[in-house]
Undergrad: 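What follows is a single structure, and I will ask about it in a moment.
Below, all heavy atoms of this structure are taken into account, side chains as well, without hydrogens, waters or symmetry copies. The model shown is predicted, which means the values in this text are computed figures rather than measured ones.
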Amino acid sequence: MKTNWMIIAAALVLAGCKKEEVKPAALEEPAIETVKPVKEKFETELRLPAELAGFQQVDIYAKVASYVKELKTDIGAQVKQGQLLMVLEAPEVAAQLAAAESRLRSQEAIFSGSSATYKRILETSKVEGTISRNDLEQAEARKNSDQAQLAAARASYREAQNIQSYLQIRAPFDGVIAARNVNLGAYVGPAGKGSELPLFTIQQQSKLRLSVSVPEMYSGFLQLGSPLEFHVKSLPGKTFSAKIARMSGVLDARLRSERVEMDVANLEKRLLPGMVAEVLLPLTAKDSNFVVPKSAVFASSEGVFAIKVESGKTQRLPVQKGREIEDRVEIFGDLTPATVLVKLASEEIKDGTEVK
């Protein structure tokens, strides 16, 4: 029995001497996926709201204080350039014209007499000793004075005629009467009561002006003559086309956008001034730019960065973002086709991180 206990004790001592040291398994660094930027020419489409307006539009007011005597047209009527739209009545204007004409006729008679007198004296003075030089000079001065008075009378008469012509309101161009705000007998004038609203509003609707404000980011993609398409809600499924005719060349200080205009033919009159349209602006880059997955770019409080891999270690690379399409984005910075970037970039990846 004593022998058995000795054997057990010896076994325990041997087990303690042969105790093995267990080493923890080494933690491996996770692999980091990388990509290279690819040169690509993005072709995108921007949808922007726009407004249709008459190519020409004018509000017509009365030039002189008067009353509406005749109305020759009404709202919705097609009018031609020079067509009589309204006749106004102002008795004092007619009186001014008659007085100006009377003064003109009187001055014509006076100048005719002084001119004839001067010619007779001039002919007589050719005989030596008959007319003194002083009388001849006085006759000539009287003639010149009467001629100047005649010119002033003619100018006054033309002014009165012009004022008289203001009583006839005519269309400045071919168009449609979009608004009429007066009735027969209404008092109208250049200021104060009677001039709060225009007599007529005329629009040219056979040709429309489509205006859109393009944000600063996209203004560089457009140029004169570029074709585009647009839609209006009142005509679903219908696509209209136009070309860029004018660009302001300056950014609006409030909206930071450039005003772009297109001319739209509207001979069928399906489009109306005032309609809101949705314009599809094609944005095709002039040159190929570097494109990477969106996940390769991140923003922090310090700016926008990608993470490049150089000599097996990470390094932040400041970049600028361009347009985005689905899961890809344009970037601009110190890049080459051989640059290696971390595909899943984040602010947590510090500079100098070993890349496996």
Undergrad: Hey, are Ser115 and Ser112 close enough side-chain-wise for a donor-acceptor pair under 3.5 Å?
TA: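 Absent: no donor and acceptor within the cut-off.
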
Undergrad: Is it true that Phe200 and Val182 fall in one hydrophobic cluster, defined by side-chain heavy atoms closer than 4.5 Å?
TA: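 Yes, one cluster joins them.
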
Undergrad: How far does OH of Tyr118 sit from CD of Gln147, to the nearest 0.5 angstrom?
TA: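 One finds 11.5 Å between OH of Tyr118 and CD of Gln147.
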
Undergrad: Do other residues, nucleotides or ligands put more than 12 heavy atoms under 6.0 Å from the CD atom of Gln320?
TA: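 Count not over threshold, so no.
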
Undergrad: If you apply the rule side-chain hydrogen bond (donor to acceptor under 3.5 Å, both in side chains), what do you find for Thr117 with Ser114, and how did you get there?
TA: CA-CA 5 Å; Thr117 300; Ser114 61; over 6 Å; no

Undergrad: Testing the basics here: between Val319 and Phe305, what is the closest heavy-atom pair and its distance to 0.1 Å?
TA: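 Closest approach of Val319 to Phe305: CG2-C, 4.0 Å.
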
Undergrad: Mark yes or no for whether Ser295, through its side chain, and Lys343, through its backbone, hold a donor-acceptor pair below 3.5 Å.
TA: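 The answer is yes, because a donor-acceptor pair under 3.5 Å joins these two groups.
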
Undergrad: Search all heavy atoms of Phe290 against all heavy atoms of Lys39 and return the closest pair with its distance.
TA: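 Distance-wise, the nearest heavy atoms are CZ-CE, 3.8 Å.
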
Undergrad: For a quick test of reading the model, state the closest non-hydrogen atom pair linking Pro293 to Val35 and the distance between them.
TA: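 What the structure gives for the nearest pair is CD-CG2, 4.2 Å.
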
Undergrad: Quick one: does Gln203's side chain have a donor or acceptor within less than 3.5 Å of a partner on Gln57's backbone?
TA: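 No.
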
Undergrad: State plainly whether the residues Arg105 and Glu108 are in salt-bridge range, i.e. N to O under 4.0 Å.
TA: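 Salt bridge: yes.
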
Undergrad: For Ser241, what residues pass the side-chain contact (heavy atoms from CB on, under 4.5 Å) criterion, not counting sequence neighbours?
TA: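 side-chain contact (heavy atoms from CB on, under 4.5 Å) list for Ser241, sorted by chain: empty.
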
Undergrad: Supply the atom-to-atom distance Gln164 CD to Gln96 CD, rounded to the nearest 0.5 angstrom.
TA: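 Going from CD on Gln164 over to CD on Gln96, the span is 9.5 Å.
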
Undergrad: Of the non-hydrogen atoms in Ser66 and Leu88, which two are nearest, and what is the gap between them?
TA: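 Taking Ser66 first and Leu88 second, the nearest heavy atoms are OG-CD1, 3.3 Å.
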
Undergrad: May I ask you to check whether over 12 heavy atoms, not counting those of Tyr61, lie within 6.0 Å of atom OH?
TA: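 Above 12, so yes.
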
Undergrad: Under 3.5 Å, is there a donor-acceptor pair between the side chain of Ser102 and the main chain of Ala98?
TA: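 Not a single qualifying donor-acceptor pair exists.
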
Undergrad: Verify the neighbour count for atom CG of Asp334: are there more than 12 heavy atoms of other residues, nucleotides or ligands below 6.0 Å?
TA: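 No - once you tally the heavy atoms of other residues, nucleotides and ligands closer than 6.0 Å, there are 12 at most.
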
Undergrad: Using modelled atom types and a 3.5 Å cut-off, is there a donor and acceptor pairing between side-chain atoms of Asn266 and backbone atoms of Arg270?
TA: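 Yes, because the side chain of Asn266 sits within donor-acceptor range (under 3.5 Å) of the backbone of Arg270.
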
Undergrad: Partners of Phe111 by ring-ring contact (aromatic ring centres under 6.0 Å, His included), sequence neighbours excluded?
TA: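 For Phe111, no residue satisfies ring-ring contact (aromatic ring centres under 6.0 Å, His included) once neighbours in sequence are set aside.
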
Undergrad: Can you give me the closest heavy-atom contact between Ser346 and Ile307, atom names plus distance?
TA: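 Result for this residue pair: O-CD1, 3.6 Å.
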
Undergrad: Sub-3.5 Å donor-acceptor pair from the side chain of Asp351 to the main-chain atoms of Arg316, do we have one?
TA: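 The answer is yes, because a donor-acceptor pair under 3.5 Å joins these two groups.
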
Undergrad: Taking C-beta and beyond as the side chain, do Tyr166 and Val93 meet within less than 4.5 Å on heavy atoms?
TA: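 Answer no - side chains too far apart.
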
Undergrad: Measure across Arg256 and Leu251 and return the closest heavy-atom pair with its distance rounded to 0.1 Å.
TA: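 The pair with the smallest heavy-atom distance is NH2-CD1, 4.1 Å.
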
